[in-house]
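Single-structure report; data block below.
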There are 2 protein chains.
Amino acid sequence: MPVGIKDVARVAGVSAATVSRVLSGRAVDAVMQKRVLAAVTETGYRPNLAARRLRSRHSNTIGLVVADIRNPFFTAVSRTVEDIAYERGLRVILCNTDENPAKESMYLQLMQEERVTGVILAPTQSGVEQAARQRFDFPVVLIDRTIPGAAQDSVVLDNEAMAALLVHQLHAGGHRRIAGFFGASSTTGSERSAGYTKAMADLGLTPEPVPVAHGEGEAERAMTTLMNTPGHATALIASNGVMLTAMLRAIHALGLSVPQDVALAGFDNEPWMDLVGGGLTVIEQPVEEIGRAAMAMLSERLDHPDGPPRKMVLGGRCIVRGSTIRSAARAVSVHSGS
Amino acid sequence: MPVGIKDVARVAGVSAATVSRVLSGRAVDAVMQKRVLAAVTETGYRPNLAARRLRSRHSNTIGLVVADIRNPFFTAVSRTVEDIAYERGLRVILCNTDENPAKESMYLQLMQEERVTGVILAPTQSGVEQAARQRFDFPVVLIDRTIPGAAQDSVVLDNEAMAALLVHQLHAGGHRRIAGFFGASSTTGSERSAGYTKAMADLGLTPEPVPVAHGEGEAERAMTTLMNTPGHATALIASNGVMLTAMLRAIHALGLSVPQDVALAGFDNEPWMDLVGGGLTVIEQPVEEIGRAAMAMLSERLDHPDGPPRKMVLGGRCIVRGSTIRSAARAVSVHSGS
DNA sequence: ATTCTTACAGAAAACGTTTTCTATGCGGAG
DNA sequence: CTCCGCATAGAAAACGTTTTCTGTAAGAAT
């Protein structure tokens, strides 16, 4: 015995339209409002959102499509997005693409079917080309990844600059052979790789970029290969937090340690990263700010659908810790310091 | 110019009903099916899910209500649930309660309005009483937390036994003064506390349970208080992964280290936990299995709404690492040092 | 005082599907 | 050969809201 708006109307002695008006907070006579509200609590009425969406033609739902919610960067951004969304009475549909373009386009079709209000999307490497040119029925804000000339709004990190910062940090720590591991399945990886390469060149050093495919164990494999090469790099840069963790694990698995045997730095900060290897030097992304900005851009785009696409580039914070200090210096400081 | 089922019907030269039948895979003449499918691709038709849900009276949507998606345990379970759900053509609505009963009941009302197919819920301490007795319009499966005699299905860890395992592990490592930090806002915390207390008593030791409120910095605060108490415990147990991380951070902040100054063990395994403090001894929860079981129970409950509530208790894996080993030599050196 | 405007409530249409109902044609049984 | 049943497709109803349309009453302006 589901209770509908007509039941409420009957109990309150008004028309269904009036109940609807009260519930959506439009101007209604005060005494009727009282009666309707009373009838709502009396009947325990809960609106049927499917019906509401069908008739009103807006879903009050946004889509959030990311590579993998288990990546702490996406976890954090998602949480911020969800908080803001629910505050505004919006539902969130979360989807994981696993860097799979087929999944990505499937989910974007789903968004279409849900008639979502808007979508926040972290596109895959191959999906971004398509997405950036495509005209969707809903506004799309790209996060973390975009390409120049994209038709969509975007909010991204200043990847080149941040990668360069890490290079300079390692250089200041006394390192000259610095290898960089970069994800091959996102524009973010490419951009960070480019920033790294340029910074190395500027310092007169030889870049050693290593592209790493997405997938379990890929980073470990690449690491092991590199460390087994005689005369390998003395310092490493990781393209993101997941890769950084994987690389650190590989280093330990090889019986080596940071920073004594090899220096290590990367992107994304996590709560444990100051507890290991003398503390990992990382670029901390403004995750909350990214989520907030994405939601803000989505709102603005809903208000002004026809403005030119906007790109917001945010800076990160470089947290310098012990993992980038050259082993010799580090060993001395340990002996004398603590 | 939105294209509806009627447009498809017109293009295909059939009725809307026939299009609907083709799309839902019911028996239709082969030639008509061809024509409809062609018309669908030609028009680029995408069904309107709101309309479909309204008429068909099922939403193909499940709710997933957890404390905080940033807790890696919930992250992992969520991911599994979402994968299975999307495989079955179900949408997932994710909600974070922050251990706040008000938020929890608000979200459960939302589920009602969405007319969800079912809900997977990790209830708060105060919410579980209400939830366990309440009769929802949809099946509910409790995960991670429940109470005896709950009216809902549930899948939980064998918390008492696992907590006892940690106690025995520390005892075997030579520890006699073992304190336990347990979350005060979930039944899981209470159960693990109970298991800890019983195991301690069985060993003839004095339990020192410390209840910790949910919230930023609570665990650190409790840790600092404890470690500043003269003659404090030599070993610590953490109620969950988030707390374990926080406690480890507090230990480092105090300039102490694991296991030299204090032993540490806890619940939930994370990829970095073998890299710090000689490796943290933890109970690894079968996160994937939990998600899978929750979805399975939900399905079964949909098929048999009136069976008695079922409780599935899963075991965890105790991963013994260096953090629980007592080192007499180090203990002495610490004693003299501080 | 009469008409025009405004404000607000109820009636009815509309949203885009699925489902029920009705009709038609065909095959098999009597 | 006729009738009954069955399968299948179209017509129409239904899902539960919001929105548009219509009517009425009260206040303002002439």
Side-chain angles (χ1 to χ4, degrees), chain A residues 1-37 39-40 43-61 89 91 109-117 137, chain B residues 1-37 39-40 43-61 89 91 109-117 137:
Chain A
M1 47 165 204
V3 35
I5 202 171
K6 293 182 177 179
D7 302 300
V8 177
R10 187 163 20 76
V11 171
V14 301
S15 74
T18 299
V19 176
S20 174
R21 286 190 260 257
V22 170
L23 262 44
S24 58
R26 282 194 299 254
V28 174
D29 185 82
V31 50
M32 294 202 138
Q33 180 158 330
K34 282 271 185 206
R35 276 197 295 171
V36 168
L37 260 31
V40 166
T43 57
Y45 168 71
R46 291 283 111 204
N48 181 319
L49 293 185
R52 176 174 290 179
R53 289 184 186 129
L54 173 58
R55 173 61 235 218
S56 72
R57 309 181 69 85
H58 31 71
S59 60
N60 287 335
T61 299
R91 243 56 74 221
Q109 281 216 345
L110 172 62
M111 296 304 142
Q112 176 70 254
E113 298 182 3
E114 292 277 4
R115 304 296 194 268
V116 292
T117 307
D137 292 0
Chain B
M1 45 165 208
V3 35
I5 202 171
K6 293 182 178 179
D7 302 301
V8 178
R10 187 163 22 76
V11 171
V14 301
S15 74
T18 299
V19 176
S20 174
R21 287 190 259 258
V22 169
L23 263 42
S24 59
R26 283 193 300 253
V28 174
D29 186 82
V31 51
M32 294 204 137
Q33 179 159 330
K34 282 271 185 206
R35 276 198 295 171
V36 168
L37 260 29
V40 166
T43 57
Y45 168 71
R46 291 282 112 203
N48 181 320
L49 293 184
R52 176 174 290 177
R53 289 185 185 128
L54 172 60
R55 174 61 237 218
S56 72
R57 309 182 68 86
H58 34 70
S59 60
N60 287 337
T61 299
R91 243 58 73 220
Q109 282 217 344
L110 172 63
M111 296 303 144
Q112 175 71 255
E113 299 182 1
E114 292 277 3
R115 304 294 193 269
V116 292
T117 308
D137 292 0

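The shown structure was predicted, so the numbers you read here are calculated from the model rather than taken from an experiment. Just so it is clear, the values below take in all heavy atoms, side chains as well, and ignore hydrogens, waters and symmetry mates. Chain identifiers are assigned alphabetically (A, B, ...) following the order of the sequence lines, protein sequences preceding nucleic acid strands; residue numbering begins at 1 within each chain.
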For this session: Go through C/dT17, C/dG16, D/dT17 for me and flag the one nearest to the A/Arg57 side chain.
Result: C/dG16

Seminar exercise, completed: Checking C/dG16, D/dT20, D/dT18 against the side chain of A/Arg52 (C-beta onward), the nearest is D/dT18

Whole Å only: how far is the [atom1] atom of [X] from the [atom2] atom of [N]?
{"X": "A/Asn48", "N": "C/dT18", "atom1": "CG", "atom2": "P", "value": "16 Å"}
{"X": "B/Ile5", "N": "D/dA9", "atom1": "CD1", "atom2": "P", "value": "14 Å"}
{"X": "B/Tyr45", "N": "C/dG16", "atom1": "OH", "atom2": "P", "value": "10 Å"}
{"X": "B/His58", "N": "D/dG16", "atom1": "NE2", "atom2": "P", "value": "14 Å"}
{"X": "B/Asp7", "N": "C/dC15", "atom1": "CG", "atom2": "P", "value": "12 Å"}
{"X": "A/Asn60", "N": "D/dT18", "atom1": "CG", "atom2": "C1'", "value": "13 Å"}
{"X": "B/Lys6", "N": "D/dG10", "atom1": "NZ", "atom2": "C1'", "value": "13 Å"}
{"X": "A/Leu23", "N": "D/dT18", "atom1": "CG", "atom2": "P", "value": "7 Å"}

For this session: Can you spot which of A/Val28, A/Thr18, A/Val40 makes a side chain to side chain contact (heavy atoms under 4.5 Å, CB included) with A/Leu23?
Result: A/Val40

For [N], take OP1 and OP2 only and decide whether either is under 4.0 Å from a side-chain N or O of [X].
{"X": "A/Ser56", "N": "D/dT17", "value": "no"}
{"X": "A/Arg26", "N": "D/dT18", "value": "no"}
{"X": "B/Ser15", "N": "D/dA11", "value": "no"}

Problem set entry | 5' precedence on DNA chain D between A/Ala51 and B/Val14 (nearest-nucleotide basis) | B/Val14

Exercise. Between B/Asp29 and B/Arg115, which has a closest nucleotide on DNA chain D that is more 5'?
Worked result: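 It is B/Asp29 whose nearest nucleotide is closer to the 5' end.
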
For this session: To the nearest 0.5 Å, tell me how far B/Gln112 CD sits from A/Arg46 CZ.
Result: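 B/Gln112 CD to A/Arg46 CZ: 8.0 Å, rounded to 0.5 Å.
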
Exercise. CG/A/Leu54 to CG/B/Leu49 distance, rounded to the nearest 0.5 angstrom?
Worked result: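 Going from the CG atom of A/Leu54 to the CG atom of B/Leu49 covers 11.5 Å.
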
For this session: Taking all heavy atoms of A/Gly89 and all of A/Asn60, pick out the closest pair and write down the distance.
Result: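 So the two residues come closest at O-CB, 3.9 Å.
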
Exercise. Which heavy-atom pair separates A/Val116 from A/Ser59 by the least distance, and what is that distance?
Worked result: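 Smallest interatomic distance, heavy atoms only, reads CA-OG, 3.3 Å.
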
For this session: Would you indicate what B/Ser20 reaches in the nucleic acid, counting non-hydrogen atoms under 4.0 angstrom: base, sugar-phosphate, or nothing?
Result: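 Answer is base: heavy atoms of B/Ser20 come under 4.0 Å of a base.
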
Exercise. Where each residue is assigned the nucleotide of DNA chain C containing its nearest heavy atom, which of B/Ala16 and A/Met32 is assigned the position nearer the 5′ end?
Worked result: A/Met32

Exercise. Hey, is the side chain of B/Arg55 pairing donor to acceptor with the base of C/dT18 inside 3.5 Å?
Worked result: yes

Exercise. Has the side chain of B/Arg21 got a donor or acceptor that lies under 3.5 Å from a partner of the other kind on the base of D/dG10?
Worked result: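 Present.
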
